[in-house]
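Values reported hereafter were calculated over all heavy atoms of this structure, with side chains retained and with hydrogens, waters and symmetry mates removed.
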Amino acid sequence: MRNELLLGRIYEAALHPDGWATVAHDLEEVLGGAVLLALPQPRPGRRGRIVAPSLKPRFVESYATRFYSLDPRRSESATQPVESLLRTPDSDAEATTPFFRDWMEPQGLHHPCRGLIERDPHFGLATVDVYRRHGEAPLSDTARRTLESLLPHLRRAAQLFAQQLRLDEERRGLSAISDQFPVGVVLVDGCGRLRSANRVGEALLSRRDGLCAAKDGLHAASADVTCELRESIAQAADPSGDDDFVSAVLLPRPSGRKPLQVLVAPARSRQGARHGALAVLYVCDPEACAEPSNEILRTLYKLTPAEAALVSHLTVGRTLEEAAGSLGITRGTARQRLGQIFSKTGTCRQAALVRMVLTGPAAMQSNDAAESLAAS
């Protein structure tokens with residue numbers, strides 16, 4: 001196999017993790033041994049990522065869960081320079097270790113050669129192990145030199161891979177956070193084509209009532225409103241446009257419900273810079289009735305279960321009389337509880353109480369706003 005092809009696959013795997021299996025297989029062909037690629041090695045509390053195409057799954061599993069800690073090369077791997085090969089272990093001494101006796105020997109593996117790829121406090125220790133089969137001689141000097149020459153490339157690819165994993169984790173975290181928003185968050189390109197949406201946004205789009213996503217971009221209920229929405233999106237996504245651009249758009253709904261309320265703005269990074277040619281839409285359904293969590297209301301405002309239930313009813317637009325009826329209490333009892341709530345929250349009017357709750361953290365963790373939208 002030409003080295004150029006192998007190097008290309010190594011760097012491709014940095015961005016496409018499924019490619020590491022191909023890299024490990026190619027290394028086996030080039031080096032002439034069974035390869036175990038750890039990106040990174042397992043450690044207590046973390047499973048690691050093990051790729052070993054020639055080993056049986058049960059041995060890969062046992063290595064990932066137990067035998068990695070019994071490998072006698074573990075301590076040396078923590079101290080030797082990266083991009084180097086560890087010394088070849090003494091065969092007689094190696095044969096006395098549980099790692100050899102219980103993991104290597106049952107597979108017919110001998111003469112391990114380990115290359116240190118990377119050692120990073122966050123990512124962990126990345127290694128490549130090459131084992132010879134029973135009856136075969138140790139790895140040849142030519143193969144060892146080949147492996148050593150590949151280590152800088154494997155290291156760079158592992159660094160890119162680790163960076164990609166961190167970015168993926170951040171994206172998943174941000175996605176989980178946006179799923180708690182009580183409004184729809186929809187990310188689109190300059191033509192209005194959907195890039196992503198939080199759970200409330202997906203629920204609103206799936207209803208196709210005033211706003212829907214198609215291959216050519218977002219559509220409103222009419223051509224005129226679609227044109228207005230697309231123009232706002234194009235302005236917001238224009239990299240050379242006004243950084244403070246914000247556009248409000250009302251989207252009438254064929255169902256006859258109140259129009260969707262939309263704010264269109266540029267998509268910005270954490271540092272405030274525009275993010276390419278992308279725009280973000282904040283979509284609110286004024287008729288959605290997602291109630292704040294009673295448990296969170298109780299914790300934040302030191303309310304009793306009965307008081308939290310009353311607040312929850314008031315924040316979705318019910319009057320005091322309607323809330324009392326839903327809770328099965330008299331209007332007088334509801335007034336008494338409301339007075340206690342005012343005292344605990346430092347408010348004195350119902351409107352101020354509702355505003356405080358809806359602008360506070362309780363509104364970010366509603367009783368599943370997306371499911372409420374889907375059911376309404």
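Considering all non-hydrogen atoms of both residues, Leu260 and Gly210 come closest at CD1-C, 4.3 Å. The two atoms that bring Asn294 and Ser312 nearest to each other are OD1-CB, 3.2 Å, heavy atoms only. Closest heavy-atom contact between Leu218 and Arg230: O-NE, 2.8 Å. Looking at every heavy atom in both residues, Gly201 comes nearest to Val186 through CA-CG2, 4.2 Å. Contact record, Gln164 with Ala14: CB-O, 4.1 Å, taken as the closest heavy-atom pair. Nearest heavy atoms, Trp20 versus Ile10: CH2-O, 4.0 Å.
The shortest side-chain heavy-atom distance between His134 and His110 falls under the 4.5 Å cut-off. Phe59 is listed as a side-chain neighbour of Pro106, based on a closest heavy-atom distance under 4.5 Å.
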Begin with the C-alpha distance, continue with both residues' side-chain angles, and end with the deciding distance and a verdict on salt bridge (charged side-chain N to carboxylate O under 4.0 Å, His left out) for Arg66 and Glu61. CA-CA 8 Å; Arg66 177 177 174 231; Glu61 175 69 17; over 6 Å; no

Verdict with reasoning, Glu28 to Ser54, per side-chain hydrogen bond (donor to acceptor under 3.5 Å, both in side chains): CA-CA 9 Å; Glu28 290 186 332; Ser54 293; 2.6 Å; yes

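Judged purely by atom type and a 3.5 angstrom limit, Gln107 uses its side chain to pair as donor or acceptor with the backbone of Trp103. Between the side chain of Asn198 and the backbone N or O of Val183, at least one donor-acceptor pair lies under 3.5 Å. Under the 3.5 Å distance criterion, the side-chain polar atoms of Lys344 are matched with a main-chain donor or acceptor of Lys302. A donor-acceptor distance shorter than 3.5 angstrom exists from the side chain of Ser232 to the backbone of Glu228, with no hydrogens or angles considered.
Under the 30°/60° scheme for interplanar angles, the aromatic rings of Phe161 and Phe123 are found to stand perpendicular. Ring geometry for Tyr63 against Phe99 counts as perpendicular: the plane angle is over 60°, on a 0 to 90° scale with 30° as the lower cut. Aromatic ring pairs are classed by plane angle as parallel below 30°, tilted from 30° to 60° and perpendicular above 60°; the pair His153 and Tyr11 is perpendicular.
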Which donor-acceptor pairs under 3.5 Å do side chains of residues 348-357 form with protein atoms, sequence neighbours excluded?
none

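The pair Arg331-Glu321 counts as a salt bridge, with a side-chain nitrogen and a carboxylate oxygen less than 4.0 angstrom apart. The pair Glu76-Arg114 does not meet the salt-bridge criterion, since no charged nitrogen lies less than 4.0 angstrom from a carboxylate oxygen. Arg144 and Asp141 are not joined by a salt bridge, as no carboxylate oxygen comes within less than 4.0 angstrom of a charged side-chain nitrogen. Under the 4.0 Å criterion applied to side-chain N and carboxylate O atoms, Arg132 and Glu136 are assigned as salt-bridge partners. A salt bridge links Asp285 and Arg253; the closest N-O separation between the charged side-chain nitrogens and carboxylate oxygens is under 4.0 Å.
From Leu125, atom CG reaches atom CG of Leu39 across 10.0 Å, with rounding to the nearest 0.5 Å.
Within 6.0 Å of CZ in Arg101 there are more than 12 heavy atoms belonging to other residues, nucleotides or ligands. Within 6.0 Å of CD in Glu295 there are 12 or fewer heavy atoms belonging to other residues, nucleotides or ligands.
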